[in-house]
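Remember, predicted model here, so these are calculated numbers, not experimental data. Throughout, protein chains are lettered first and strands after them, A, B, ... in sequence-line order, and every chain is numbered starting at 1.
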Amino acid sequence: MRHLLRKLGFYVVALWAALTVNFAIPRMMPGDPVEIMLSKMGQKGPVTAETRRAIEALLGADSSRPLWSQYADYLTGLARGDLGVSLVFFPAPVTSIIGQTLPWTIGLIGLATVISFVTGVGLGTLAGWKRGSWTDNLIPVTTMFQSVPYFWLALILLFVFGSIWPVFPLNGGYDVYGVTPGWNGPFLGSVLYYGTLPALTIIISSIGGWMLGMRNMMVSTLSEDYMLTAEAKGLRPGRIMRRYAARNAILPSISGFAISLGFVVAGSIVTEAVFSYPGIGSALLQAVGGNDYALMQGIFLIITLSVLGANLLVDLLYSVIDPRTRTTS
Amino acid sequence: MTGKLTAGLAIAVPIVLFGLLGPLLVQDPSRVDDIGLSAPGAGHLLGTTQTGQDVFAQLAYSTRGSLIVGAVVGVLTLLLSGFFGIVGAYAGGWLDETFSLVINVMLVIPGLPVVIVISAYMPDRSLLLVSVVLAITSWAGSARVLRGSTLSLRSRDYVLASRVAGEKRWRILLVEILPNLVPLLASQVVFAVIFAILGEAGLSYLGLGASGTFTWGTMLYYAQNGLALRLGAWWWFVPPGLLLALFGAALALINFSIDEIINPRLRSQTRAARRGWRMSREQLRKAKEATL
């Protein structure tokens with residue numbers, strides 16, 4: 001219980017730090033983001049006093065109000081779920097843009113990461129178990145893919161499978177002309193078809209890390225005394241591999257998985273830029289391109305929140321599968 | 001000197017030399033000419049861009065730019081992660097608690113979005129600024145690894161012995177503990193350099209990199225914007241990507257060999273060695289005959 005409270009306490013501190021960074025960045029930077037945004041918004045339509053106040057609370061006005069009261073305003077605004085109005089998609093509120101784009105990102109990047117983790121850990125287990133087998137020889141190849149810059153790999157694959165042999169579509173999240181969004185067969189099929197190539201690029205570029213990490217841990221675990229005992233007892237090799245070796249070797253990979261969830265969101269920005277995928281990364285880039293600071297701050301906040309949430313989940317899971325972390329505080 | 005280390009150095013050293021000396025030998029990389037998008041030939045070793053700039057000259061300057069980013073981030077990561085990871089874990093108590101909290105918070109705040117947001121507010125970005133921002137958002141992982149090792153080192157017998165012998169605290173840290181962390185520090189720095197160079201390339205590709213300087217990332221960005229892919233101008237987008245990949249692979253190879261020095265278990269084929277102890281059928285029979 002004490003362990004659980006400590007964990008929760010840490011995430012509260014991390015959440016506070018993220019919110020404060022989000023509050024501080026626009027106020028520390030040179031220039032006046034509020035004026036830039038409001039003047040651009042004025043060109044698109046009438047700006048109400050309420051909108052103005054919301055944006056000032058979010059980005060910091062140059063008024064003489066003390067910082068702590070701006071901070072209080074900012075926090076109460078967030079508590080009400082008010083993230084301001086987007087400039088690029090004026091007059092849609094930021095929250096609705098995030099609501100539209102987030103499912104795409106979680107669906108594509110999240111699934112690809114899980115597939116990559118499961119396959120990588122599985123192959124790594126085999127490679128560590130049978131040193132020098134074909135899976136072991138696969139590792140240098142996959143590690144090479146990992147040191148290739150992701151966007152370059154994605155561009156080349158897009159060039160090969162989109163332009164030279166048009167197997168996959170060049171960009172987008174689904175066939176805009178052929179199907180209507182909703183829970184129907186053609187739409188889901190189209191989403192799968194459009195998502196295959198982006199997902200493949202993510203898996204190819206990230207699987208090497210999981211394989212290598214798992215293999216090295218397997219190698220370390222195999223030289224433990226309890227492995228010798230298990231072999232001496234005459235247990236079946238499959239049982240030794242899964243129950244004795246892999247179960248102990250997977251622990252660092254799982255905590256690595258928590259950290260990689262942060263890179264899921266980070267990687268999504270580049271993936272979505274290459275494939276023009278309608279996710280949250282594309283929205284962030286559009287916001288950056290159009291000086292849409294409200295949308296930018298909102299997306300940054302959501303990204304941080306989802307990373308924190310995912311980390312918390314994995315942390316809780318970790319204390320279930322590895323009882324040692326509960327006892328040592 | 002393992003095979004991996006040799007291979008890694010054989011790729012990395014020429015690239016570093018190219019980045020150091022190349023810019024002195026080539027023409028001005030920004031000079032435009034009326035021979036846009038010409039294929040590699042006598043006048044231009046790697047052809048030209050769409051405005052007739054020499055790709056080889058740009059590649060030399062880009063290599064230098066990317067290496068500067070890597071070096072700056074490597075040094076900053078060394079300092080930051082060493083300070084927060086080693087000093088905190090060695091001192092213990094509330095300092096360790098605070099430092100490890102800072103490390104963990106930095107670890108869960110996603111790096112690239114922070115970099116993008118900061119870049120978006122800064123219209124003029126120097127290479128140094130981009131490097132510093134990259135370093136600040138990426139040192140935490142190394143610090144956590146170093147902290148773990150320091151924690152296990154500080155309770156070793158020889159450290160306790162030198163404490164009993166009355167050595168000063170800073171001397172224990174610098175003379176007894178730090179030398180044992182050097183291989184780990186080296187591998188963390190190499191990792192940070194790879195991460196920084198790839199991160200900067202990604203950032204530049206999104207159009208948020210340093211303004212007015214050449215790096216491998218900005219070259220790819222301009223190639224992408226100049227439709228090099230669609231026009232089939234492979235000499236424009238392949239060389240920077242290839243150098244990025246080669247340099248990353250070389251550093252990864254160097255890192256593997258450092259890993260094998262730190263962790264001998266990865267080196268020796270432990271399980272295969274154990275297989276070797278088994279007696280063959282013939283040996284068993286002989287042994288049986290001998291005992292009969």
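- Under the side-chain hydrogen bond (donor to acceptor under 3.5 Å, both in side chains) criterion, B/Ser204 pairs with B/Glu200, not counting sequence neighbours.
- One finds the CZ atom of A/Phe10 at 4.5 Å from the CG atom of B/Asn104 (value rounded to the nearest 0.5 Å).
- Residues forming a salt bridge (charged side-chain N to carboxylate O under 4.0 Å, His left out) with B/Arg154 (at least two apart in sequence, or on another chain): none.
- For the set B/Leu242, B/Val115, B/Leu246, B/Leu251, the count of heavy-atom pairs under 4.5 angstrom toward chain A peaks at B/Leu242.
- The two residues A/Ala17 and B/Val105 make their nearest non-hydrogen contact at CB-CG1, 3.6 Å.
- A/Gln297 and B/Val117 make their closest contact through OE1-CG1, 3.9 Å (heavy atoms, listed as atom of the first residue, atom of the second, distance).
- Looking only at heavy-atom pairs under 4.5 Å with chain A, the residue among B/Gly141, B/Gly241, B/Gly248, B/Pro240 that has the most is B/Gly241.
- At a 4.5 Å heavy-atom cutoff, A/Leu153 makes no contact with chain B through either its backbone or its side chain.
- Of all the listed residues (B/Gly217, B/Gly202, B/Ala250, B/Gly207), the one sharing the greatest number of non-hydrogen pairs under 4.5 Å with chain A is B/Gly202.
- The line from CG of B/Leu206 to CG of A/Leu285 is 5.5 Å long, rounded to the nearest 0.5 Å.
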Under the side chain to side chain contact (heavy atoms under 4.5 Å, CB included) rule, what do B/Ile116 and A/Phe300 come out as? Steps first, then yes or no, please. CA-CA 9 Å; B/Ile116 289 179; A/Phe300 176 63; over 6 Å; no
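- Other residues, nucleotides and ligands contribute only 12 or fewer heavy atoms inside 6.0 Å of the OH atom of B/Tyr222.
- Using a 4.5 Å cut-off between heavy atoms, B/Leu101 touches chain A through backbone and side chain atoms alike.
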